[in-house]
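See structure below.
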2 protein chains.
Amino acid sequence: MKIFEPERGESLRMYSLRVLRENIITTEFEPGVMLYEKEIATALNVSRSPVREALAELSQFQLIEILPQRGSRVALIDMDLVNEAVFFRTTMEVAIVKLTCTMASEKDLSDLEEILKLQEFYLQNFSKDKFMELDNQFHYSLFKICNKLQCYNMVSKMGAHFDRIRNLSLHVVKDLKLVQDHRDIFHAIKDRDPKKAEEMIRKHLSRIQLDEKEIRKTYPQYFKN
Amino acid sequence: MKIFEPERGESLRMYSLRVLRENIITTEFEPGVMLYEKEIATALNVSRSPVREALAELSQFQLIEILPQRGSRVALIDMDLVNEAVFFRTTMEVAIVKLTCTMASEKDLSDLEEILKLQEFYLQNFSKDKFMELDNQFHYSLFKICNKLQCYNMVSKMGAHFDRIRNLSLHVVKDLKLVQDHRDIFHAIKDRDPKKAEEMIRKHLSRIQLDEKEIRKTYPQYFKN
DNA sequence: GTCAACTAGTATACTAGTATAATAATTTTA
DNA sequence: TAAAATTATTATACTAGTATACTAGTTGAC
């Protein structure tokens with residue numbers, strides 16, 4: 001189990017949640033293993049309640065399966081659920097990017113371009129963390145422009161399912177392509193061209209590459225069915 | 001505060017959640033009022049923890065605002081959020097109903113028709129509760145057919161925002177129209193006609209009638225902005 | 001041998017008490 | 001007098017202990 005320090009001002013509940021989620025999506029906690037409140041609480045040096053609450057939150061999105069009075073199990077990888085998460089994200093982002101074409105102000109456009117430029121900078125400077133942060137920020141901005149942040153939250157939370165299997169994947173998409181996609185999406189929005197924007201965001205999201213077959217061969221016990 | 005009995009086999013956490021949600025969406029708990037763990041726990045004859053966990057869950061979807069160390073406030077009606085909920089539901093249901101056109105089996109179609117017939121029966125027999133239950137069941141079935149139940153869960157949870165303001169609305173849609181809409185949607189699915197299905201579900205969902213102006217006049221203090 | 005009833009073991013679900021932090025009330029100070 | 005500092009109040013955030021319920025293993029009836 002990977003343990004971080006609690007951040008300043010962070011509640012123990014949020015701290016527990018952050019640690020658990022991170023351990024799950026990196027498969028540091030292997031799919032299917034049992035987790036016990038007490039053990040985790042001891043490891044994090046907190047009491048059982050914050051851990052319990054964090055587990056309850058994760059179970060809402062089926063990352064954790066709570067067996068009443070018995071313990072919690074890290075959910076097995078359920079490809080139906082992974083596909084549902086992809087469907088969910090695609091459906092929402094397509095709708096959002098179309099809306100963006102009509103709702104984006106000049107300021108919004110220049111903010112987006114700023115993110116793109118920064119991303120290109122960090123791409124050349126091989127700062128993977130910063131690059132990924134900006135990637136998320138680009139998508140976040142699209143929802144923000146349309147005033148649909150609650151939708152963004154849900155997309156993020158469901159995303160954990162494909163984030164987890166993506167971390168096991170062998171073939172990763174070249175970052176260069178992702179930035180180019182963002183540029184294409186940006187230009188479609190700038191041109192107020194919803195058809196093109198939809199096409200581009202679909203192309204972008206279809207790069208979520210999940211090497212299911214290979215992963216199944218190596219870790220068959222990780223899968224639900 | 002309206003209090004029900006806990007159902008057999010229901011955890012106290014779920015019980016608290018059910019009671020709180022019901023009181024919020026019926027505006028029995030008025031938008032903006034403070035809620036205190038202790039008071040609610042006493043009223044429900046449970047301890048603070050199950051109530052605390054229920055409040056935490058409701059805060060996830062912004063029905064409750066938690067003020068750290070000070071208490072919880074029933075969220076004011078936020079029309080941006082209500083509109084986001086409508087957008088969210090429409091976006092998802094349009095995508096789902098299109099999928100249904102290709103994915104529904106003969107069995108699925110006959111199950112849907114069964115629901116329609118029951119609904120028509122209860123419409124004539126003026127059983128409002130049963131009617132609404134079947135209304136929900138119809139929409140649930142569409143998600144179920146496509147194997148997208150997690151999406152359904154999210155749509156339901158966000159739906160609380162418009163359910164609440166709808167309960168304050170004066171003009172209610174005639175049930176007869178809703179059943180006819182369901183029939184139209186059903187036929188579009190049966191004909192495997194996604195265009196028509198989209199058109200019909202949009203028409204159906206656009207009936208969500210929110211008399212914002214009149215409600216604002218009577219209860220200006222209920223609104224966020 | 002099989003199945004049901006019973007028992008032991010264990011981890012949660014819930015209860016209750018304490019520490020902490022946010023706010024309000026009060027006092028101090030300039 | 002008004003702003004700053006202090007104190008009091010209060011409700012949560014967290015801790016820790018107990019009751020409950022689930023599982024597995026054993027016993028016993030047939």
Side-chain angles (χ1 to χ4, degrees), chain A residues 1 3-21 23-24 29-76, chain B residues 1 3-21 23-24 29-76:
Chain A
M1 175 177 182
I3 298 176
F4 329 105
E5 289 304 304
E7 284 169 11
R8 207 183 114 49
E10 185 179 45
S11 68
L12 297 185
R13 177 175 175 275
M14 285 305 179
Y15 168 56
S16 308
L17 184 62
R18 189 164 58 88
V19 174
L20 285 175
R21 199 202 310 271
N23 277 281
I24 291 170
F29 286 157
E30 297 188 22
V33 302
M34 292 296 295
L35 299 180
Y36 301 102
E37 284 181 8
K38 189 80 192 301
E39 278 179 24
I40 293 168
T42 305
L44 300 188
N45 200 29
V46 302
S47 72
R48 282 162 15 237
S49 292
V51 175
R52 171 179 165 72
E53 290 171 19
L55 288 168
E57 184 160 343
L58 291 169
S59 78
Q60 293 246 350
F61 289 88
Q62 310 217 49
L63 277 179
I64 288 284
E65 181 188 2
I66 293 181
L67 314 175
Q69 309 282 14
R70 283 308 290 161
S72 301
R73 197 202 313 273
V74 176
L76 290 170
Chain B
M1 176 176 181
I3 298 175
F4 328 105
E5 290 303 305
E7 285 170 11
R8 207 185 114 47
E10 184 180 47
S11 68
L12 297 186
R13 177 175 175 274
M14 284 306 179
Y15 168 55
S16 309
L17 184 62
R18 189 164 59 87
V19 173
L20 286 175
R21 198 205 308 273
N23 276 280
I24 292 170
F29 287 157
E30 296 187 22
V33 303
M34 292 295 296
L35 298 179
Y36 301 102
E37 284 181 8
K38 189 81 193 299
E39 278 179 26
I40 293 167
T42 306
L44 299 188
N45 199 29
V46 303
S47 72
R48 285 167 6 240
S49 293
V51 175
R52 171 178 166 71
E53 289 171 21
L55 288 169
E57 183 159 343
L58 291 169
S59 78
Q60 293 246 348
F61 290 88
Q62 311 219 50
L63 279 179
I64 288 283
E65 182 190 1
I66 293 180
L67 313 175
Q69 310 281 16
R70 282 308 291 161
S72 300
R73 196 202 313 275
V74 176
L76 290 170

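Below, all heavy atoms of this structure are taken into account, side chains as well, without hydrogens, waters or symmetry copies. Numbers restart at 1 for each chain; the letters A, B, ... are given by sequence-line order, proteins then strands.
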Would you sort out whether I24(B) and I64(B) count as a side chain to side chain contact (heavy atoms under 4.5 Å, CB included), showing the intermediate values?
CA-CA 9 Å; I24(B) 292 170; I64(B) 288 283; 3.8 Å; yes
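In this structure, the CG atom of L67(A) is 14 Å from the C1' atom of dT10(C), given to the nearest Å. Note: CZ (R8(A)) to P (dA21(C)) measures 10 Å, nearest angstrom. Counting to the nearest Å, the P atom of dT23(D) and the CE atom of M34(A) are 10 Å from each other. Atom pair I66(A):CD1 and dC14(C):P shows a separation of 11 Å (rounding to whole Å applied). Protein atom NZ of K38(A) is 10 Å distant from nucleotide atom P of dT12(C), rounded to whole Å. The distance between atom CG of L55(A) and atom C1' of dA13(C), rounded to the nearest whole Å, is 13 Å. As rounded to whole Å, 13 Å separates atom C1' of dT12(D) from atom CG of L12(A). Between Y15(A) atom OH and dA13(D) atom P the separation is 19 Å, expressed in whole Å.
Considering every non-hydrogen atom in both M1(B) and A43(B), the closest pair reads SD-CB, 4.1 Å. Heavy-atom minimum distance, V51(B) versus A41(B): CG2-CA, 3.8 Å. Residues R18(B) and E5(B) share a closest heavy-atom pair of NH2-O, 3.0 Å.
Comparing dT12(D), dA22(C), dT15(D) by their closest approach to the side chain of E37(B) singles out dT12(D). Comparing dA11(D), dC22(D), dC14(C) by their closest approach to the side chain of Q69(A) singles out dC22(D). Of the candidates dT15(C), dT23(C), dC14(D), the closest approach to any side-chain atom of P50(B) belongs to dT15(C). Picking from dT15(C), dC14(D), dA13(D) the nucleotide with the shortest atom distance to the side chain of R13(A) gives dC14(D). The Y36(A) side chain lies nearest to dT12(C) when the options are dC14(C), dT12(C), dA11(D). Side-chain proximity of R52(B) to dC14(D), dT15(C), dT12(C): nearest is dC14(D). Here the nucleotide nearest the side chain of R48(B), chosen from dT18(C), dT15(C), dT20(C), is dT18(C).
If you check every strand for non-hydrogen atoms under 4.0 Å, S49(A) touches a base.
A residue-by-residue look at E53(A) and P68(A) shows that E53(A) has its nearest nucleotide of DNA chain D further toward the 5' end.
Between M14(A) and E7(A), every side-chain heavy-atom pair lies at or beyond the 4.5 Å cut-off.
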